[in-house]
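Quantities reported herein were computed from a predicted structural model and do not represent experimental measurements. First listed ligand is number 1; within each ligand, the first listed atom is number 1. For the numbers below, each heavy atom of this structure counts, side chains included, while hydrogens, waters and symmetry mates do not.
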Amino acid sequence: MASRTSDLLVRIQPGSDLNVDALFRYAQANVQGFPSSPAKLTLSQFGHGQSNPTYLMEVSSGASVKRYVLRKKPPGKLLQSAHAVEREFQVLEALSVHTEVPVPKVFCLCTDPSIIGTPFYIMEYLEGRIYLNPKLPGVPPERRDAIYHATAKALATFHSVNVDSIGLGKYGRRDNFCKRQVERWAKQYMLSTGEGKPECNPKMLELASWLRQHIPLEDSSGATGGLVHGDFRIDNIVFHPVEDKVIGILDWELSTLGNQMCDVAHSSMPYILDVTNDNAESYDGFEVTGIPQGIPSLAEYLAEYCSVTGKPWPGADWKFYVAFSLFRVASIYAGVYHRWIMGNASGGERAQIAGKLANVVIDCAWTFINRKSVLPDHPPSGHSIAGGYLKQFVNESEGQGLPEEKGKFVPSQKILELRNKLLKFMEDRIYPMENKFYELAQSSMRWTIHPEEEKLKELAKREGLWNLWIPLDSAARAKKLLFDDKDNVPSGDASNLLLGAGLSNLEYGYLCEIMGRSLCAPQVFNCGAPDTGNMEVLLRYGSKEQLQEWLIPLLEGKIRSGFAMTEPRVASSDATNIECSIVRQGDSYIINGTKWWTSGAMDPRCRLLIVMGKTDFNAAKHKQQSMILVDIKTPGVQVKRPLMVFGFDDAPHGHAEVVFENVRVPAKNILLGEGRGFEIAQGRLGPGRLHHCMRLVGAAERGMQMMAQRALQRKVFGKLIAEQGSFQSDIAKCRVELEKTRLLVLEAADQLDRLGNKKARGIIAMAKVAAPNMALEVLDMAMQVHGAAGVSSDTVLAHLWAAARTLRIADGPDEVHLGTIAKLELRRAKL
Ligand SMILES: Cc1cc2nc3c(=O)[nH]c(=O)nc-3n(C[C@H](O)[C@H](O)[C@H](O)COP(=O)(O)OP(=O)(O)OC[C@H]3O[C@@H](n4cnc5c(N)ncnc54)[C@H](O)[C@@H]3O)c2cc1C
């Protein structure tokens with residue numbers, strides 16, 4: 001059964017009396033709306049586990065009674081960093097003013113110890129229910145489920161807060177949190193045990209050193225960094241008096257910035273360990289004793305959290321986080337026991353058994369570490385993020401659930417695993433580096449590569465997130481030509497992904513979308529434009545020799561490439577206009593012409609240009625063009641200048657104007673043969689175009705996420721932006737457009753797989769028109785919600801928007817694709 005908040009009141013503890021008159025005067029002067037005299041203030045104390053004494057203030061004035069809560073430091077000499085009510089006030093104020101995180105409103109902070117002896121603050125009294133026992137005895141099963149889901153959501157809500165925008169950016173250090181915490185609690189344990197103190201348990205020291213060796217990589221980058229509660233448990237939550245929803249998260253004494261996965265693991269403790277009963281024979285948690293009926297499994301609880309925060313499934317590092325939580329709890333118990341032995345514990349009778357509990361917890365940590373499996377590799381079905389947001393969205397809407405794991409756009413287990421890995425890589429590796437890459441791209445070293453980029457490429461290879469774009473049929477051709485169909489494809493990387501992971505275009509769609517969320521991500525996975533299109537050309541049309549010379553280093557990520565088709569002097573959306581000449585002379589071709597917008601040509605790693613020009617100006621209109629491979633270092637190739645896109649030069653890759661003056665290349669560099677340029681262009685542009693569309697869906701998804709977060713944090717004219725009707729209508733319309741486009745892009749990828757480039761050209765054209773326009777609309781809305789910040793370079797939105805805008809022109813302007821769609825439509829009508 002739940003306790004009502006008022007049930008937890010007790011008489012004021014001996015020695016905890018306050019100077020009521022002084023408090024009354026102070027509150028009247030500092031709490032807005034506090035009843036003025038004549039009024040009577042009575043105090044009672046909350047009895048449930050507060051290390052900071054907490055009081056109910058009831059002020060009666062005539063027939064009305066107003067209730068407030070006062071929270072103060074304990075009296076006496078305190079450890080410097082403990083009982084920081086000032087910090088509690090700071091975090092509660094920031095959350096209650098700027099966000100929708102359910103916390104009590106705070107009214108005033110008093111740091112003057114002369115009023116009631118110590119600093120204190122006054123906050124709103126929340127009348128509701130508190131569940132002291134995580135097994136929820138006496139609660140019907142269906143409500144238990146709702147209560148646990150509401151708890152996961154509450155945790156996710158404050159973990160999603162952008163601390164920088166609510167004034168909490170300096171509330172703590174986000175990086176290396178676990179690293180510092182392991183040392184802190186190890187030191188604490190050493191201070192509480194040893195000679196003349198309770199016995200030191202060697203298993204605790206071993207635990208510390210295990211933790212030091214297993215600190216997750218995401219901890220050092222701060223990728224999982226954000227607001228941390230520090231003691232997030234069900235009994236620190238006030239639920240609504242009748243509904244199963246959270247109205248207040250309490251006890252922020254230990255809050256800071258840090259690794260949020262520690263909060264998640266701490267809140268999962270009831271599944272691992274139950275120390276609520278002092279005299280229990282076993283302290284095992286639900287996972288051993290059985291989950292009380294109605295309470296979701298740990299995996300379901302975590303899936304709820306991940307789906308609200310959008311965080312990746314924590315499978316890989318879960319062992320560490322739980323072991324760390326137990327380590328911290330053990331150290332705290334050891335401290336309590338030590339203080340009890342010394343005669344100054346505040347924990348009452350429970351302190352007597354704290355020494356025993358510390359050892360129980362240490363044993364529990366080791367049992368957990370030694371478990372073969374602690375969490376499934378992926379979320380339970382029904383919670384999967386299959387089909388992107390769409391499936392999740394449909395399942396959430398009432399009664400609309402799709403039959404599990406069926407349907408056209410439900411990815412396989414293999415794709416789900418890759419997707420989860422990719423999401424984690426983005427969180428841990430890519431987003432934390434975005435600013436650093438951007439800073440370099442603004443500096444005088446802009447045309448150099450950030451050393452981290454090459455390191456990230458190596459990591460991506462090791463994770464098996466490399467060359468995922470390569471479609472099966474192209475991989476098969478290259479395998480035959482290069483490796484005589486043998487399986488032992490040589491590769492510089494452990495996971496042997498030189499020819500990709502054997503994915504279809506549709507399967508790649510689920511992954512490419514995620515890469516598109518960041519402009520610097522695709523090349524880290526060797527999946528960036530224009531390289532993928534160029535590699536596709538080589539895979540499909542290159543000779544064995546061409547593949548060996550150019551394709552292998554491209555697949556390995558050792559070099560990059562450009563595609564030089566567009567020319568400044570002619571309308572290049574109609575490639576028949578192209579004027580660059582490619583003239584045969586003996587064993588060579590001589591190239592003359594000027595190209596521009598050759599993306600990637602500024603990149604210091606760029607070695608190869610695929611140049612489109614005319615080998616025969618008198619041949620049939622579509623047989624004049626050819627493509628030829630040109631080493632960028634060939635004499636006569638001049639990379640003249642980078643072009644700007646709305647002020648972005650996209651350093652270090654850039655879009656270059658390139659002049660070819662009597663450039664002589666070996667005749668064997670011609671692709672497929674003279675006059676075959678159009679044919680190759682068709683093959684190149686199908687999948688390449690779709691990759692742009694997939695990335696645009698990802699860019700829009702990022703815009704949606706940023707838009708929603710901003711709206712939930714920023715108040716305008718007394719209300720959060722999220723509460724404004726016009727915003728709600730706009731965000732909903734954006735979601736509708738995004739989902740429509742995602743389906744179109746996936747459908748196009750599926751048709752490309754099943755019907756081939758030619759037959760799928762209509763739907764690819766539709767996707768190519770829809771995706772940039774949708775992304776522009778969504779990103780424009782996201783910028784609008786960010787106000788001036790949205791159009792600045794302080795967020796990624798303006799750059800994403802600029803990139804999306806170019807794609808209404810690049811790879812064929814909208815009008816050209818609309819022309820294709822119209823032609824096919826009319827042809828069908830004539831049949
Ligand atoms: C950021 C960026 C990167 C690029 N990267 C590359 C690259 O790597 N390699 C490369 O070769 N090129 C690249 N391009 C160039 C791009 O492919 C061309 O700009 C595009 O094909 C259009 O050619 P154009 O600029 O000559 O415009 P034009 O052909 O002059 O067309 C101008 C406008 O005319 C209109 N129009 C065209 N056709 C029709 C029609 N049938 N009906 C009605 N109106 C029409 C459209 O509004 C179109 O925008 C890039 C461009 C940008 C912006």
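- For atom 18 (C) of ligand 1, the nearest protein heavy atom lies under 4.0 Å away.
- Backbone and side-chain nitrogen or oxygen atoms of Asp574 are examined, and none is located within less than 3.5 angstrom of a nitrogen or oxygen of ligand 1.
- Ranking the protein heavy atoms by distance from atom 51 (C) of ligand 1 puts Ala810 CB, 3.8 Å first.
- Within the listing of ligand 1, atoms 17 (O) sit less than 4.0 angstrom from a heavy atom of Asp811.
- Of the listed options Val570, Thr566, Asn534, Thr566 places a heavy atom closest to atom 11 (O) of ligand 1.
- A salt bridge links Asp603 with Arg605: the closest approach of a Lys/Arg side-chain nitrogen to an acidic carboxylate oxygen falls below 4.0 angstrom.
- Using a cutoff of 4.0 Å between basic side-chain nitrogens and carboxylate oxygens, Lys623 and Asp616 are not scored as salt-bridged.
- For atom 40 (C) of ligand 1, the closest non-hydrogen atom of the protein is Glu815 CB, 3.9 Å.
- Residue contacts with ligand 1: Phe563 is placed with a nitrogen or oxygen under 3.5 Å of a nitrogen or oxygen of the ligand (distance criterion only).
- Protein heavy atoms are absent from the 4.0 Å sphere centred on atom 34 (O) of ligand 1.
- Asp649 has a carboxylate O that lies under 4.0 Å from a charged side-chain N of Arg446, or vice versa, which qualifies the two as a salt bridge.
- Using a cutoff of 4.0 Å between basic side-chain nitrogens and carboxylate oxygens, Lys558 and Glu556 are scored as salt-bridged.
- A salt bridge is absent between Arg808 and Glu815; no separation between the charged side-chain nitrogens and carboxylate oxygens falls under 4.0 Å.
- Closest protein heavy atom to atom 49 (O) of ligand 1: Pro813 CB, 3.6 Å.
- Checking Leu609, Ile809, Asp814 against atom 21 (O) of ligand 1, the nearest heavy atom belongs to Ile809.
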Q: Test salt bridge (Lys or Arg N to Asp or Glu O under 4.0 Å) on Glu434 and Arg702 and set out the steps.
A: CA-CA 14 Å; Glu434 276 181 330; Arg702 183 136 185 225; 2.7 Å; yes
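- Near Val816, with a cut-off below 4.0 Å to any heavy atom, the atoms of ligand 1 are 38 (N).
- Between Met565 and ligand 1, a contact under 3.5 Å exists for at least one N or O pair.
- Checked for salt-bridge contact, Arg735 and Glu701 meet the test: a charged N lies under 4.0 Å from a carboxylate O.
- Applying the side-chain contact (heavy atoms from CB on, under 4.5 Å) test to Ala441 and every residue at least two apart in sequence or in another chain returns Ala651.
- Closest to atom 28 (P) of ligand 1, if we only count protein heavy atoms, is Ser573 OG, 3.6 Å.
- Using a cut-off of 4.0 Å between Lys/Arg side-chain N and Asp/Glu carboxylate O, Glu439 and Lys436 are scored as not salt-bridged.
- Closest to atom 26 (O) of ligand 1 among all protein heavy atoms lies Ser572 N, 2.9 Å.
- Residue, atom and distance of the protein heavy atom nearest to atom 3 (C) of ligand 1 are Ser599 OG, 3.3 Å.
- Counting protein heavy atoms only, atom 14 (N) of ligand 1 is closest to Trp597 CB, 3.4 Å.
- Considering backbone and side-chain N/O atoms, Thr806 never comes within less than 3.5 Å of an N/O atom of ligand 1.
- Under 4.0 Å is where a charged nitrogen must lie from a carboxylate oxygen, and between Arg540 and Glu679 no such pair does.
- Contact annotation: Leu818 has no heavy atom less than 4.0 Å from any atom of ligand 1.
- Close N/O approach between His655 and ligand 1 is not found [any backbone or side-chain N/O within under 3.5 Å].
- With ring centers used as reference points, Trp801 lies under 6.0 Å from Phe646.
- Glu452 has a carboxylate O that lies under 4.0 Å from a charged side-chain N of Lys455, or vice versa, which qualifies the two as a salt bridge.
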